[in-house]
**Q** 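Right, I'll just put the structure down here and ask away after.
Atoms within a ligand are numbered from 1 in the order they appear, just like the ligands themselves.
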Amino acid sequence: MKLSVIGCGYLGAVHAASMAKLGHEVVGIDVDAQKVALLSAGQAPFFEPELPEILAEAGQTGRLTFTTDMSRVADATVHFIAVGTPQRHDGNAADLTYVEAAVDGLLPYLNADHLVVGKSTVPVGTAASLAARVAETGATLVWNPEFLREGFAVKDTITPDRLVYGVPAGDAGAHATEILDEVYAAAIGAGIPRIVTDLSTAELVKVAANAFLATKISFINAMAEIAEATGADVTQLADAIGHDERIGRRFLGAGIGFGGGCLPKDIRAFTARAEELGRGSSVAFLKEVDAINLRRREHAVTLVVDGLGGSVVGKRIAVLGASFKPHSDDIRDSPALDVAVRLHGLGADVVVTDPQALENARRVHPHLHYELDRDTALAGADAVIVVTEWDEYRRELSPSHAASLATGRLIVDGRNCLDPAAWRAVGWEYRGMGRP
Ligand code: NAD
């Protein structure tokens, strides 16, 4: 099929390359000329495992091109909207200007043979208002939310857990479903569940899923706060409740909490939209989820300050991690970088290291000191804090090797990803999140 993907960021670039890999002819469109130049040269503009390989593979087939020229959408009949929906600067709601600009840019090229497929995460009701504009051209608009995880984006795009189609009622919806089934023929052939529903439900599925995940993380972080007041161990608590299959162990890792380009802004946008709908009280708990999440960053900072005797002024602190999670270079709303910035603000000599995210981090926080080499970051450190659970810190850094480099013996485990006994055994003072 002939597809266009408008917006080639973390979602769109992976979607475009994956669809080409599956045999479709794809044109990716972005307003960012630098990103387009990299993608056109077969290079990934960000770190995402497997993306370079599928870009190269699809590029060789001639089925995948990238451009800044919107008129190239005329080459396609199915158009995916994959632009950003960040938090607005003046509040919690989602900024829909990019989605509106993408749809406006598309309108002149649409006719009754075309299908517009929204993938961006949007507040419920957005699709219905855009659908009216698209309908004037004779084309149909559907919403097909995306659930990919950065770090596993290619796999999640090609073999998702489920497909959700939000389509209009009647023949238009049935026809759109047939077209989407053809786009996703490989996944459907592999038996991946597909839910066909209306536009509002499809929009809500995405934000509800992220609200649930955020709540699960903040739940265990709330338990960590209680553990800290009682001497209990939140990791053992999570193991124990996680054996109950109704609860499950995943997303019960206490630590400095969630971040990234999705969960924080999605729960805020959901709250804002619910308030507009007069249903603010239904999701008022998400404000507490957000507050718990942000408190844990401050708690990690407090562990460092207390561990260093009440002040970090002039102390060298090795911060291991900058991306919001491992296997990604994404630093949007990264708890790891936030902790580094807060420690710097308290007067510490912060040295941040990360295997992938330093370039992005430096762009946003040029005043911090960065070292790509982990051991250089550790050298002479008065304290060490792990804030992103990369294997380089979690598995590959031995406590004795770290001790041979650092000057101090304080290790703060912001992700509860280290073995306290192993670190204590060679003389470190280990402090975890919600662990005695
Ligand atoms: P991103 O910022 O990485 O990418 C957005 C891209 O859109 C940028 O490259 C930008 O230049 C481009 N763009 C903006 N306006 C444009 C226009 N008018 N025409 C063409 N291109 C335009 O964002 P992202 O992380 O890829 O997220 C995109 C959407 O997908 C968001 O709604 C997000 O919530 C959702 N989402 C993201 C993920 C994820 O893991 N990143 C997962 C699921 C859903």
**Q** Using distance alone, decide if ligand 1 has a nitrogen or oxygen within less than 3.5 Å of any nitrogen or oxygen in Asp32.
**A**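 No: no nitrogen or oxygen of Asp32 is under 3.5 Å from one in ligand 1.
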**Q** Do we see a donor-acceptor contact under 3.5 Å between the side chains of Asp69 and Thr67?
**A**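 Asp69 vs Thr67: no donor-acceptor pair found between side chains.
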**Q** In terms of residue, atom name and distance, what is the protein heavy atom nearest to atom 16 (C) of ligand 1?
**A**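 Protein heavy atom with the smallest distance to atom 16 (C) of ligand 1: Val83 CG1, 3.5 Å.
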**Q** Which atoms of ligand 1 sit under 4.0 Å from any heavy atom of Gly7?
**A**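 Numbered from 1, ligand 1 contributes 7 (O), 12 (C), 20 (C), 21 (N).
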**Q** For atom 17 (C) of ligand 1, grab the closest protein heavy atom and report residue, atom and distance to one decimal in Å.
**A**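 Nearest protein contact, heavy atoms only, for atom 17 (C) of ligand 1 is Val31 CG1, 3.6 Å.
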**Q** Evaluate the salt bridge (charged side-chain N to carboxylate O under 4.0 Å, His left out) criterion for residues Glu276 and Arg273: first the C-alpha distance (whole Å), next the side-chain angles of each, then the deciding distance (0.1 Å), finally the verdict.
**A** CA-CA 5 Å; Glu276 278 170 18; Arg273 183 66 184 131; 2.5 Å; yes
**Q** Output yes when a side-chain donor or acceptor of Asp413 lies under 3.5 Å from a complementary backbone atom of Leu418, and no otherwise.
**A**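 Flag set: sc Asp413 to bb Leu418 pair under 3.5 Å.
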**Q** Does ligand 1 have a heavy atom under 4.0 Å from the side chain of Val122, from its backbone, from both, or from neither?
**A**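 Looking at Val122 and ligand 1, no heavy atom falls under 4.0 Å.
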**Q** For atom 4 (O) of ligand 1, find the nearest protein heavy atom and state the residue, atom name and distance (0.1 Å precision).
**A**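 I find the closest protein heavy atom is Gly9 CA, 3.2 Å.
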**Q** Numbering the atoms of ligand 1 from 1, which are under 4.0 Å from a heavy atom of Thr85?
**A**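 Selected atoms, number and element: 31 (C), 32 (O), 34 (O).
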**Q** Among protein heavy atoms, which lies nearest atom 41 (N) of ligand 1, and at what distance?
**A**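 Result for atom 41 (N) of ligand 1: Glu150 OE2, 2.8 Å.
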**Q** Run the numbers for me: atoms of ligand 1, each under 4.0 Å from some heavy atom of Lys35, listed by number.
**A**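 Counting from 1, the qualifying ligand atoms are 8 (C), 9 (O).
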**Q** Run the numbers for me: atoms of ligand 1, each under 4.0 Å from some heavy atom of Tyr98, listed by number.
**A**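 Answer for ligand 1: 14 (C), 15 (N).
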**Q** Within less than 4.0 angstrom of ligand 1, does Lys206 place any heavy atom?
**A**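 Yes, Lys206 has heavy atoms under 4.0 Å from ligand 1.
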**Q** Return the closest protein heavy atom for atom 36 (N) of ligand 1 as residue, atom name and distance.
**A**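 Among all protein heavy atoms, the one nearest atom 36 (N) of ligand 1 is Leu11 CD1, 3.6 Å.
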**Q** What do the steps show when you test Arg149 against Ser328 for side-chain hydrogen bond (donor to acceptor under 3.5 Å, both in side chains), and what is the final call?
**A** CA-CA 10 Å; Arg149 298 161 299 166; Ser328 174; over 6 Å; no
**Q** Is it the side chain (CB and beyond), the backbone, both or neither of Arg149 that lies under 4.0 Å from ligand 1, heavy atoms counted?
**A**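 None of Arg149 does.
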**Q** For atom 2 (O) of ligand 1, what's the nearest protein heavy-atom neighbour? Residue, atom name and distance, please.
**A**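 For this ligand atom, the closest protein heavy atom is Arg332 NH1, 3.6 Å.
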**Q** Hey, is Ala82 touching ligand 1 through its side chain, its backbone, both or neither, going by heavy atoms under 4.0 Å?
**A**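 Ala82 to ligand 1: backbone contact only, side chain stays beyond 4.0 Å.
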**Q** Does the cation-pi check pass for Arg194 over Tyr184, that is, NZ or CZ under 6.0 Å from the six-membered ring centre and within 45° of its axis?
**A**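 That pair does not qualify as a cation-pi contact.
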**Q** What atoms in ligand 1 come closer than 4.0 Å to a heavy atom of Ile6?
**A**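 That gives atoms 19 (N), 20 (C) of ligand 1.
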**Q** Pairs of nitrogen or oxygen atoms closer than 3.5 Å, one from Asp30 and one from ligand 1: do any exist?
**A**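 Indeed, backbone or side chain, Asp30 has an N or O that close.
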**Q** Any side-chain donor paired with an acceptor under 3.5 Å for Lys265 and Thr85?
**A**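 Judged by distance alone, the side chains do pair up.
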**Q** Does either side chain, that of Tyr430 or that of Arg435, offer a donor lying less than 3.5 Å from an acceptor on the other one?
**A**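 Present: a donor and an acceptor within the cut-off.
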**Q** Would you tell me whether His327 and Glu48 have side-chain atoms, one donor and one acceptor, within less than 3.5 Å of each other?
**A**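 His327 vs Glu48: no donor-acceptor pair found between side chains.
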**Q** Determine whether a donor-acceptor pair (N or O, by modelled atom type, separation under 3.5 Å) exists between the side chain of Asn360 and the backbone of Asp329.
**A**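 Yes, because the side chain of Asn360 sits within donor-acceptor range (under 3.5 Å) of the backbone of Asp329.
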**Q** Inspect the contact between Glu53 and Lys21 and indicate whether a charged nitrogen and a carboxylate oxygen are less than 4.0 angstrom apart.
**A**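 Salt bridge absent between Lys21 and Glu53.
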**Q** For the residue pair His15 and Phe80, categorise the inter-ring angle as parallel (less than 30°), tilted (30 to 60°) or perpendicular (more than 60°).
**A**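 Judged by the thresholds at 30° and 60°, the geometry between His15 and Phe80 is perpendicular.
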**Q** Go through it in stages, so that I can follow the logic: the residues are His299 and Glu228, the test is side-chain hydrogen bond (donor to acceptor under 3.5 Å, both in side chains), and I'd like the CA-CA distance, side-chain angles, deciding distance and then a yes or no.
**A** CA-CA 11 Å; His299 181 69; Glu228 278 149 14; 3.1 Å; yes
**Q** Have a look at ligand 1 and work out which part of Glu48, if any, has a heavy atom under 4.0 Å from it: side chain, backbone, both or neither.
**A**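 The answer is neither.
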**Q** Would you mind running through ligand 1 and noting each atom that sits below 4.0 Å from a heavy atom of Leu148?
**A**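 What qualifies from ligand 1 is 39 (C), 40 (O), 42 (C).
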**Q** Among all protein heavy atoms in this structure, tell me which lies nearest to atom 5 (C) of ligand 1, with the distance rounded to 0.1 Å.
**A**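 Closest protein heavy atom to atom 5 (C) of ligand 1: Gly84 N, 3.5 Å.
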**Q** Side chains of Asp198 and Thr201: donor-acceptor distance under 3.5 Å anywhere?
**A**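 Present: a donor and an acceptor within the cut-off.
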**Q** Is ligand 1 less than 4.0 angstrom away from at least one heavy atom of Cys262?
**A**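 Under 4.0 Å: yes for Cys262.
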**Q** Which residue and atom name correspond to the protein heavy atom nearest atom 43 (C) of ligand 1, and how close is it?
**A**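 Atom 43 (C) of ligand 1 sits closest to the protein heavy atom Glu146 O, 3.2 Å.
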**Q** Please check this pair: side chain of Glu371 against backbone of Asp373, looking for a donor-acceptor N/O pair closer than 3.5 Å.
**A**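 Side chain of Glu371 to backbone of Asp373, a donor-acceptor pair under 3.5 Å: no, none is there.
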**Q** Applying a heavy-atom cut-off of 4.0 Å, say which part of Lys265 lies close to ligand 1: side chain, backbone, both or neither.
**A**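 For Lys265, only side-chain atoms sit under 4.0 Å from ligand 1.
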**Q** Show me which atoms of ligand 1 lie under 4.0 Å from any heavy atom of Ile29.
**A**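 This gives 20 (C), 21 (N) as the contact atoms.
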